[in-house]
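All ligand and atom numbering here is 1-based and tracks the order in the structure. The shown structure was predicted, so the numbers you read here are calculated from the model rather than taken from an experiment.
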Amino acid sequence: MSEDVRGVIVLNFGGQYCQLIARRVREVKVFCEVLPCSASVEEIKRKNPLALILSGSPASVTAEGAPTADPALFTLGIPVLGICYGMQWMAHTLGGKLEPGVLREYGKTEVQKTRRSSLLSTIDYSATCWMSHTDRVAAVPAGFRVTASSANCPVAAMEDESRGLYAVQFHPEVTHTDAAARILPRFLFDIAHIAPDWTMEDFIERKVNEIRETVGDERVLLGLSGGVDSSVAAALISKALGKKLICVYIDHGLMRKDETLQVKTAFGGHFDMELIAVDASEMFFGKLAGVTEPEQKRKIVGAAFVEAFAEQAKLAGEVAFLAQGTIYPDVIESGGAAGASVIKSHHNVGGLPENIGFKGIIEPLRMLFKDEVRKVGEKLGLPEELVWRQPFPGPGLTVRILGEVTRPKAEIVRESDAILQEEIRRAGLTRQIQQYFTVLPGVSSVGVKGDERSYEYIVAIRAVETSDFMTADFFRIPYDVLARISERIVNEVAGVNRVVYDVTTKPPASIEWE
Ligand code: XMP
């Protein structure tokens, strides 16, 4: 496998839970990689997996153009677990029969074990399982036996122990399934006999060796944004290469309070590397002057970033490799092509120009999920505030200042945001609210300060609860905490006389305001 360790391959048929399956496998310390279902059996063989898992899919196996995989995978001699669509595809491919379900079975469903089952031996006779399907298996292929059923689904699980083929119609990877925590481990440890030995310590050691081998005596350039991914990548490469790593940090003047200082302290002090921190704020504010259209603002910051980075890259002299903090969800989302090395547009706002001309790209985190990246960061000794940093958009405060961006406005957002961060920390809510920040809508309202009429800016507070940042609910910050935040902002931040709280969900609103 790409990590040079043997583990599990999840073949992705397009199901929403595919990433979750991979995470569940890794949570029990088994390495796991996701490949598109179109991967050839030769490609799968090259990775030398110990087991295969076939994911779900919203498609119908018998529909035209339905996702399919190479049937030769059943002859690899390793255990295969089909989940939902994966089970239907297995049944169909091996000669069983499918039928369109009359009713869509969705949500928690009672499933009964029908016979002795190897896969389900750790679950009770009857269990609540998470279902999400319309089609169902009507007849199992020769050699299989039905091992569970539900009211709506006569074949809720099947297996052919002699060939090592197992399948479930329900989703053992979601926590709504009773004994969810036992089914995958049963498959991995007892059936596939995989040892749970994939640890972050091993990962770090292996990566350090691999980076040293790849880079040799050359030098590596990394764009450090202060975000979790690039910070952890920097720490890891620094461990491997020391001063042969050159990190470029561009301060566009739209960072949060003390962020630049944090980066300089963390990397300039404790890690062995060459750190180039550039204050490019004049250039950024200059280019943003007079611009109000949100997309245009983002594009300007993206282009200015590329310009500033390219300039530093030139000054850095002979550099053979570019390093990036690409992580596994980026890879899966872009189709998972191995070695695709599409330059992850730094800050997601614009790519680096191709003519910077590197011999190769180094992406040491491209096989890790975010929580694993954080663990690696902690193990490498990065400070907690960097490892547990909230997502921060590449264009920075640009998207939190509606309308024209100016230095004084950036100052208001920065100061009010720092107060919000401090009060949320003081209230002990940091791990409950996934993202919280202040926004300057750019409008003023009338107020009274002292005995005088004031006409000053409104600051808005945004705080959301979310598991995936695709949908979100506004967090119910207790009123007394809100009161303290508001009081401090109007008293301590010059130019603000009113604070409002954004109580919108996503959708229809987005998390950021621009
Ligand atoms: P929205 O505003 O689309 O944000 O609901 C979803 C998540 O994405 C973050 N975000 C960005 N992250 N570059 C990034 O790396 C960007 O340009 C960007 N814009 C939004 C946002 O903070 C939230 O976590």
Identify, by atom number and element, the atoms of ligand 1 in contact range of Pro391, meaning under 4.0 Å from any of its heavy atoms. 24 (O)

Arg400: which of Arg462, Glu512, Arg414 passes side chain to side chain contact (heavy atoms under 4.5 Å, CB included): Glu512

Ligand-side contact atoms (ligand 1) for residue partner Pro393, heavy atom cut-off under 4.0 Å: 11 (C), 12 (N), 13 (N), 14 (C), 16 (C), 18 (C), 19 (N), 22 (O)

We want to know whether Ser55 and Tyr85 form a side-chain donor-acceptor pair, criterion being a heavy-atom distance below 3.5 angstrom. no

Is it the case that atom CD in Glu213 sees more than 12 heavy atoms from other parts of the structure closer than 6.0 Å? no

So which pairs with a foot in residues 306-323 pass side chain to side chain donor-acceptor pair (under 3.5 Å), sequence neighbours left out? Lys287-Glu307

N or O pair under 3.5 Å between Gly394 and ligand 1: yes

Measuring from the heavy atoms of Arg298, does anything fall under 4.0 Å of ligand 1? yes

Between Gln421 and Gln390, is there a side-chain heavy-atom distance shorter than 4.5 Å? yes

Is there a donor in the side chain of Tyr17 and an acceptor in the side chain of Trp130, or the other way round, less than 3.5 Å apart? yes

Nearest heavy atom to atom 20 (C) of ligand 1: which of Gln435, Lys506, Glu512, Gln434 does it belong to? Glu512

Just checking, is any N or O donor in the side chain of Arg498 or Ser486 under 3.5 Å from an acceptor N or O on the other one? no

Per-residue contact class, Ala472 against ligand 1 - non-hydrogen pairs under 4.0 Å: neither

Here the atoms of ligand 1 under 4.0 Å from any heavy atom belonging to Ser510 are 1 (P), 2 (O), 5 (O)

So, is Ile511 polar-close to ligand 1, with some N/O to N/O distance under 3.5 Å? yes

Under 3.5 Å: N/O of Arg400 near N/O of ligand 1: no

For residues 393-423, the ring-ring contact (aromatic ring centres under 6.0 Å, His included) pairs (sequence neighbours left out) are none

For Phe469, counting its heavy atoms only, list the atoms of ligand 1 lying under 4.0 Å from any of them. 6 (C), 24 (O)

Atoms of ligand 1, numbered as shown, that sit under 4.0 Å from any heavy atom of Pro395: 16 (C), 17 (O)

